[in-house]
Amino acid sequence: MGLTHFLFKPFNESQLVYTVYAALHFKRLRNAFVASTSTERKGSGYIGVSMSTRDIRDEIASLANLDIPVLILGNSGTGKEIIARDIHRNSGRSQSVFMPINCAVLGTLAETELFGHVSGAFTGAVKSTKGYIGTADGGTLFFDEVGELPLDVQAKLLRFLDNGEYSRVGEAKIHKVDVRVLAATNRNLQEMCRSGRFREDLYYRLSASVIQTTPLDERKADILPLIWHFLDLFGTAKNITYEISADAASQLIEKDWPGNVRQLKQTLYKISQMAT
């Protein structure tokens with residue numbers, strides 16, 4: 001019915017003014033969210049109405065078809081992979097594979113996981129593999145937490161970025177594929193370059209264009225649209241319509257979110273499970 005607030009009698013003038021103000025603010029944010037998702041960037045997974053979020057959606061639109069590497073920087077939970085998926089979805093490669101790679105979990109297998117290997121290249125290599133790069137031919141590779149890659153693998157990745165050529169582990173033959181590379185990290189790569197933990201030439205190759213995300217605490221205007229987005233997501237999965245009171249939404253907006261959007265999503269998931 002559109003109800004957002006109510007007053008208990010007796011109430012004074014300041015309570016009335018505050019309640020009307022809060023209801024109008026609630027309505028303005030909801031209208032702005034509906035407008036942004038229906039007309040400005042329909043289908044975008046990067047939700048919000050703040051200026052920083054609108055700027056990022058503009059950057060996604062301008063970079064999507066340039067086919068150059070993009071480095072996405074920001075704290076954990078700020079939506080770096082969502083940005084990468086939006087770039088891919090709006091590019092000419094959208095009908096091909098989007099391959100996300102969590103570099104933090106590759107460990108000692110990083111080279112063979114990325115570039116593949118031939119049968120017999122090492123103990124346990126019973127059959128040849130293409131690796132992530134070979135499998136993503138024609139599509140987009142997303143290197144999440146790229147700062148965690150070992151230095152020797154960074155050197156091989158640099159050669160691949162320069163000319164699209166690579167060789168599988170245990171093989172001298174050169175392969176060539178057409179892959180766009182996107183990368184993300186919450187690390188300070190420039191500081192890592194100065195300390196020798198990340199190749200400076202690779203950093204400059206990956207950062208042909210840079211998108212910097214903003215922590216959720218610095219874009220409070222995005223919290224309410226995100227609340228509606230996640231409640232709709234959870235409700236659709238259960239064929240349930242979730243509602244939230246304006247007071248509850250206000251408390252969530254005022255709360256600190258050190259874990260950013262990921263923390264907000266998990267909090268709302270817990271609330272939705274308790275509500276049913």
Side-chain angles (χ1 to χ4, degrees), residues 32-103 114 132-147 149 157-158 160-166 176-187 189 202-216 218-219 221-222 225-226 229-230 233 260-262 265:
F33 169 63
V34 171
S36 71
T37 54
S38 62
T39 58
E40 184 182 304
R41 289 288 298 136
K42 189 173 182 179
S44 175
Y46 203 70
I47 304 297
V49 297
S50 68
M51 283 305 301
S52 62
T53 295
R54 291 171 182 265
D55 288 344
I56 284 178
R57 287 200 292 261
D58 288 342
E59 289 183 89
I60 290 170
S62 64
L63 293 171
N65 285 307
L66 294 185
D67 217 29
I68 60 175
V70 178
L71 181 62
I72 308 166
L73 304 175
N75 297 344
S76 295
T78 52
K80 296 188 291 294
E81 183 170 341
I82 292 173
I83 293 172
R85 288 185 181 275
D86 269 7
I87 291 173
H88 172 74
R89 188 184 302 116
N90 288 280
S91 74
R93 300 176 182 269
S94 59
Q95 299 304 309
S96 299
V97 64
F98 175 85
M99 183 76 70
I101 305 164
N102 186 349
C103 300
L114 293 179
Y132 286 120
I133 288 176
T135 304
D137 192 14
T140 302
L141 271 173
F142 173 53
F143 290 85
D144 195 13
E145 302 303 339
V146 69
L149 282 177
L157 178 60
L158 178 64
F160 169 71
L161 286 170
D162 283 339
N163 52 29
E165 295 180 349
Y166 72 101
K176 190 175 182 68
V177 293
D178 174 26
V179 171
R180 183 182 190 176
V181 171
L182 308 176
T185 183
N186 60 4
R187 297 286 198 96
L189 290 187
L202 178 58
Y203 168 73
Y204 289 120
R205 191 70 178 83
L206 289 173
S207 59
S209 189
V210 176
I211 294 178
Q212 177 72 55
T213 64
T214 304
L216 188 57
E218 296 178 20
R219 48 187 177 101
D222 289 345
L226 285 165
H229 169 70
F230 289 131
L233 193 69
N260 295 293
V261 179
R262 184 179 293 121
K265 181 180 180 180

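Source: prediction; values computed, not measured. Just the heavy atoms: all of them, side chains too, but no hydrogens, waters or symmetry mates, feed the values below.
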>> Please evaluate residues Thr53 and Ile47 with respect to the criterion side chain to side chain contact (heavy atoms under 4.5 Å, CB included), reporting the C-alpha separation (whole Å), side-chain torsions for both, the decisive distance (0.1 Å), and the verdict.
In response: CA-CA 7 Å; Thr53 295; Ile47 304 297; over 6 Å; no
> Hey, what do you get for OG (Ser209) to CG (Leu63), rounding to the nearest 0.5 Å?
Replying inline: 4.0 Å
> Roughly how far apart are Met51 CE and Ile56 CD1, rounded to 0.5 Å?
Replying inline: 11.5 Å
>> How long is the straight-line distance from OG of Ser94 back to CG of Asp86, given to the nearest 0.5 Å?
In response: 12.0 Å
>> Restricting to side-chain hydrogen bond (donor to acceptor under 3.5 Å, both in side chains), what partner residues turn up for Ser52, sequence neighbours left out?
In response: Ser50
> Just by distance, do the side chain of Arg205 and the backbone of Leu161 share a donor-acceptor pair under 3.5 Å?
Replying inline: yes
> Taking only residues two or more places apart in sequence, or in another chain, which ones meet Gln95 in a side chain to side chain contact (heavy atoms under 4.5 Å, CB included)?
Replying inline: none
>> So, using side chain to side chain contact (heavy atoms under 4.5 Å, CB included) as the criterion, who are the partners of Met99 when residues are at least two apart?
In response: Val97, Ile101, Tyr132, Thr135, Ala136, Leu141
>> I'd like to check the side-chain hydrogen bond (donor to acceptor under 3.5 Å, both in side chains) partners of Glu81; sequence neighbours left out, ordered by chain and number.
In response: Arg85
>> Which residues pass the salt bridge (Lys or Arg N to Asp or Glu O under 4.0 Å) test with Arg187, not counting sequence neighbours?
In response: Glu148
> Quick one: OH on Tyr203 to CG on Leu158, what's the gap to the nearest 0.5 Å?
Replying inline: 15.0 Å
Please tabulate, for side-chain N and O atoms in residues 68-79, each donor-acceptor pair with protein atoms closer than 3.5 Å (sequence neighbours left out).
unit_1 : atom_1 : unit_2 : atom_2 : d
Ser76  : OG     : Asn186 : ND2    : 2.8
Thr78  : OG1    : Asn75  : O      : 2.7
Thr78  : OG1    : Thr213 : OG1    : 2.9

>> Ignoring hydrogens, what is the shortest heavy-atom contact between Val179 and Ile133? Give both atom names and the distance.
In response: CG2-O, 3.8 Å
>> I need the Ser207 OG to Leu189 CG distance, nearest 0.5 Å.
In response: 8.5 Å
> If you look at every heavy atom in Ala183 and Phe142, which pair is closest and at what distance?
Replying inline: C-CE1, 4.0 Å
> Once you round to the nearest 0.5 Å, how far does CD1 of Ile83 lie from CZ of Arg57?
Replying inline: 11.0 Å
>> Strictly by ring pair (Phe, Tyr, Trp, His ring centres under 6.0 Å), give each pair with a member in residues 58-87 just once, sequence neighbours left out.
In response: none
>> For a quick test of reading the model, state the closest non-hydrogen atom pair linking Gly48 to Pro225 and the distance between them.
In response: CA-CB, 4.4 Å
> How would you list, by chain and number, every residue that makes a side chain to side chain contact (heavy atoms under 4.5 Å, CB included) with Ser96, sequence neighbours excluded?
Replying inline: none
> By ring pair (Phe, Tyr, Trp, His ring centres under 6.0 Å), which residues pair with Phe230, not counting sequence neighbours?
Replying inline: none
> So among Ile82, Val261, Asp222, which one has a side-chain contact (heavy atoms from CB on, under 4.5 Å) with Tyr46?
Replying inline: Ile82
> Which heavy-atom pair separates Arg180 from Ser91 by the least distance, and what is that distance?
Replying inline: NH1-CB, 4.3 Å
>> Determine whether Phe143 and Leu206 satisfy the following criterion, side chain to side chain contact (heavy atoms under 4.5 Å, CB included), listing intermediate values before the conclusion.
In response: CA-CA 10 Å; Phe143 290 85; Leu206 289 173; 5.8 Å; no
>> Show every salt bridge (charged side-chain N to carboxylate O under 4.0 Å, His left out) that has at least one partner inside residues 132-147, sequence neighbours left out.
In response: none
> Does any pair with a residue in residues 72-92 pass ring pair (Phe, Tyr, Trp, His ring centres under 6.0 Å), and if so which ones, sequence neighbours excluded?
Replying inline: His88-Phe98
> Is a donor on one side and an acceptor on the other found under 3.5 Å between the side chain of Lys176 and the backbone of Asn163?
Replying inline: yes
> Sequence neighbours excluded, which residues qualify as salt bridge (Lys or Arg N to Asp or Glu O under 4.0 Å) partners of Asp67?
Replying inline: Arg93
